[in-house]
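Working notes, structure below.
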Amino acid sequence: MEALLAILGIPLAGAAVLGLVGHRDFAAAVNIGFSLATFVASAVLTAQIVADGPILVLQQQFFVDSLNVFLVTLTAFVGFTTALFARPYMRVERDHGKMTPPRMRLFHSMYQLFSFTMLLALTTNNMGLLWVAMEAATLATVLLVAVYRTPASLEAAWKYFILCGVGIAQALFGTILLYLAAERLIGAEGGGLLWTNLDAVKHQLEPTVIALAFVFLLVGYGTKVGLAPLHNWLPDAHAEGPTPISAVLSGLLLNVALYAVLRCKVLADGALDSRFAGELMMGFGLLSVVLAAFFLSRQRDIKRMFAYSSIEHMGLVTFAFGMGGAVASFAGLLHMTVHSLVKSAIFFAVGHAAQKAGTQVMDDIRGLVRVNPVVGWGLMIGTLAILGMPPFGVFASEFLILTTAMREFPWTTPLLLLALGVAFAAVLAKVQPMVFGETNVKPLAHPPAIVPVFVHLGLALLLGLYIPPYLEGWYRQAARLVAGG
Amino acid sequence: MPGLVTQLINLFAALLLLLSFGLLAQRRVLSLIHLFTLQGLTLTASTTAMAFFTGQPHLYWSAAITLALKVLLMPWLLHRMIERLNVRWDVETLINIPATMLIGIVLVIFAFNLAAPISGLSASVARGTLGIALACVLLSFLMMITRTKAIPQVIGFLAMENALFFAATSATYGMPMVVELGIALDVLVALIILGVFMFQIREQFDSLDIRHLEQLKED
Amino acid sequence: MTVYSFVAQLLAVLIAVAGAPLLTGWINQCRAWLQNKSAPPLLLPYRTLHKLFWKESVVADGASPLFRAAPYIVFGAMVLACGIVPSLSTDLPLAAAADAIALVGLFALARVFISLAAMDIGTAFGTLGARREMLVGFLAEPALLMVLFTAAFITQSTSLANIVETISGQEFAIYPSLAFAGVAFAMVSLAENARVPVDNPATHLELTMIHEAMILEYSGRHLALIEWAASLKLFAYSSIGLAIFFPWGIAHVHEPVGMLLALPVLVAKLAIGGAALALIETLSAKMRIFRVPEFLAGAFLLAVIGILVHFLLGA
């Protein structure tokens, strides 16, 4: 339990401290320190859960089982590596004059606060608190998306705020409906919003109410996952903010939102006899994959393109969880992990690439590998990884998802293959001239962040080749939870 | 004949729906804020009535928070925002007001239909009002998407939160305190951030017309 | 039909015809007080009517028989309307022949004839007024019908007498749907009776006239009848409003003695209603003409919401 308190307390303390000193030169190091401490605490918690099983603490308000503990570790890890990346990146930004001391202070304190809200959302047992944390996560990042104060970034932040706010209001209504259904069984004092209690009685919950509640919850939290047609805010928000924010939004927040959807899906599957929840998720997921793939090919800004790629992958994961069953759920969880790692690695490389070239427009960035092989190769390998090239982890999870689809829903397979193919061709065609060929970029004054990029890619490679047994057992357990086995 | 408390809650629900329509039909920003304040008052009154008749003490706290936040603090913040932003214009709409109200009627019918089977399942005294709460949510949503200036959109957003709060207190006996506090905090922080935001927008564009914020289209 | 019902019917019509100008005078007085002006005498409308009846009626050369007949038709329709509305008692034999929908039809009849008469002479003002009146009426009529339907749904009958008996017979209950209908009815009455904020009854400016424009050509006894009919329309609308929303105090079918109480109650209610109307007129500014459809659309929608709320809440 101490580990859990540490995981929540450290980022909160970090936000307070960095609120005071975030503009100093050592602020980046402090940021890294807090993130590292959070990661260590999460590792300790993981070891505890693996050894002792799920825990339910603090008046039943916090619940950590195999599903969310690996997400907690992933979040803390990517948070740590992104903090590592943010140090050289922000130094360059400051030299270019785009980040002033007040903005740095905002960035650092909001970064830690954002970590706190995500970890709170992942570990809470209370569906109402989950909602509060999700909304707080949006609020923590809204000002950061707009931090450069350009017209485009203001527009992106406004859209982000309003669309996500409206979406999450729907999720609140869904939560209220959930509470309505629970109150009849559990009563007002029995903690009708606690997921563990709901899970215990899920077969007795009223089907009509739960069906309606799930629709609202899916629409609401699905807006934050970036499911089409509610995805309008995502390309803008991920493209306009500073790159560390793009990395954590793409890599982490989408996962947390999907986790919220998953918890609701488990309840809905228990209450409804039909596959209503799963089919709804499959529909949204499929739509997102197809839509994103086609929009991908028309992008000119590199971060927007990779944001659409996030939509596509999140759609794929939603589709996988919608299909249900042990294999598809396993694949979905694996995909969430590797997507997180690879996408953030890509954003690290892209961030530096954009800094070198002074622009995010892809046509204006050429020949990265000549000036800085690290960034160039990082981008290339990352792109190949995210497009599903073996032996990276993404290939393994996509393979599992496609084979399950072919077995159980064969009519979806041509659509998926087409979308993945279109995305593959489009992205590779855009990235290849950026990395190889004649160069037009300048070297950076400070060395770029090498370690985070290659650590992430290495892990993704590892997960593609060989999943250690304890990790596999862990995924299987979580998959069983999700699939309702 | 339903009991007195149900009638009272029904009356407050009807008032809330009336105010939501009123928000849709307004042309001046100042009257929007006044109507929003009235909404907050209606919510406080209905929560207090529920608390009194059903003997749930935590609803009194709920009502107190609503009063402090939605009747006093938020309208004050909004007034200050208007003064400092020097907002003098009429509300501009994307479609004219009678058409907006017709669409509003359709949404109300839709919401009532959706909520009808569920109302029968609630054990609360005020179950019939879930449909009205959902209708108010949809009306605020309509208000948000048919307004071209920033402040009416913000007020639409806040009105949506009001309607959700009413849904929570009428369908169930209010959410647990911790959750309500969290939601209240979220809404307050959201408003403050929006205030900061609007300054930045105004600085950049010299206007709060949302249509300036439509440049990032698909290309 | 008993003696009492006959007496009740006669009394209702007589009180309406005699009392309508008094109501108008009272409203004018209240308005003057609220605007800090010295008030005209309470009985001024009677003196005006008397003066007009003695004056010669000047009719244009090109006027058709319709022009001469219209004031009588309009006056007759209004008297009939007042006869159907239960202001003192619900024991009205005529009420069996006409329910709320027919009442709306009577108002429509009056409106049609006065508009035709306005266009009859062929002046610009008359046509202007007629077109505007039709615009207002086209939107006000559905709203009024919806309001009456709301009351009808609650009481399961469209006869105003039955509505009064049902609502006042039950114990006191708050009907949210009637709240919506009430607001809608207030808006419709303002529009139909040519009151601020829809139309200024005291103006003769071309830009703003509706009702006044239509009767510009009339003089003498014709004008007297039309002015009287306008007062009767206001009286009728007030009585309808009181019957649907505040029906307590109206004598029921088997309580002939109740009429003794009903008269002072009616006077009191109309006095309060008139003062309220004067207050609304003072506090509002007149709307621009092209906003009037919005205003009435709002009234219509409120009435529709009233019906929807009734279906949802069962109240």
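Numbered from 1 within each chain, the chains take letters A, B, ... in sequence-line order.
Rounded to the nearest 0.5 angstrom, L130(B) CG and L212(A) CG are separated by 8.5 Å. Interatomic distance, CD1 of I162(A) versus CE of M144(B), reported as 4.0 Å (0.5 Å rounding). To the nearest 0.5 Å, atoms CH2 (W131(A)) and CG (L164(B)) are separated by 7.5 Å.
Heavy-atom pairs under 4.5 Å with chain B were tallied for L193(A), N126(A), T150(A), I176(A); the largest tally goes to I176(A). The residue among V189(B), V154(B), I193(B), V137(B) with the most heavy atom pairs within less than 4.5 Å of chain A is I193(B).
Side-chain atoms of L172(A) and E161(B), non-hydrogen and from C-beta on, do get closer than 4.5 Å to each other. In this structure, the side chains of L185(B) and V132(A) stay at 4.5 Å or more apart for every pair of heavy atoms. Between W158(A) and L194(B) there is a side-chain heavy-atom pair separated by less than 4.5 Å. Side-chain contact between I145(B) and V166(A): absent, with no pair of heavy atoms (C-beta onward) separated by less than 4.5 Å.
For a residue to count as touching a neighbouring chain, one of its non-hydrogen atoms must lie under 4.5 Å from one of that chain's; by this rule A157(A) touches chain B with backbone and side chain alike. Residue contact with chain B, scored on non-hydrogen atoms closer than 4.5 Å, involves the backbone and the side chain of L139(A) alike.
Other residues, nucleotides and ligands contribute only 12 or fewer heavy atoms inside 6.0 Å of the CZ atom of F52(B).
Annotation for A167(B) and F173(A): closest pair CB-CE1, 4.0 Å, computed over non-hydrogen atoms.
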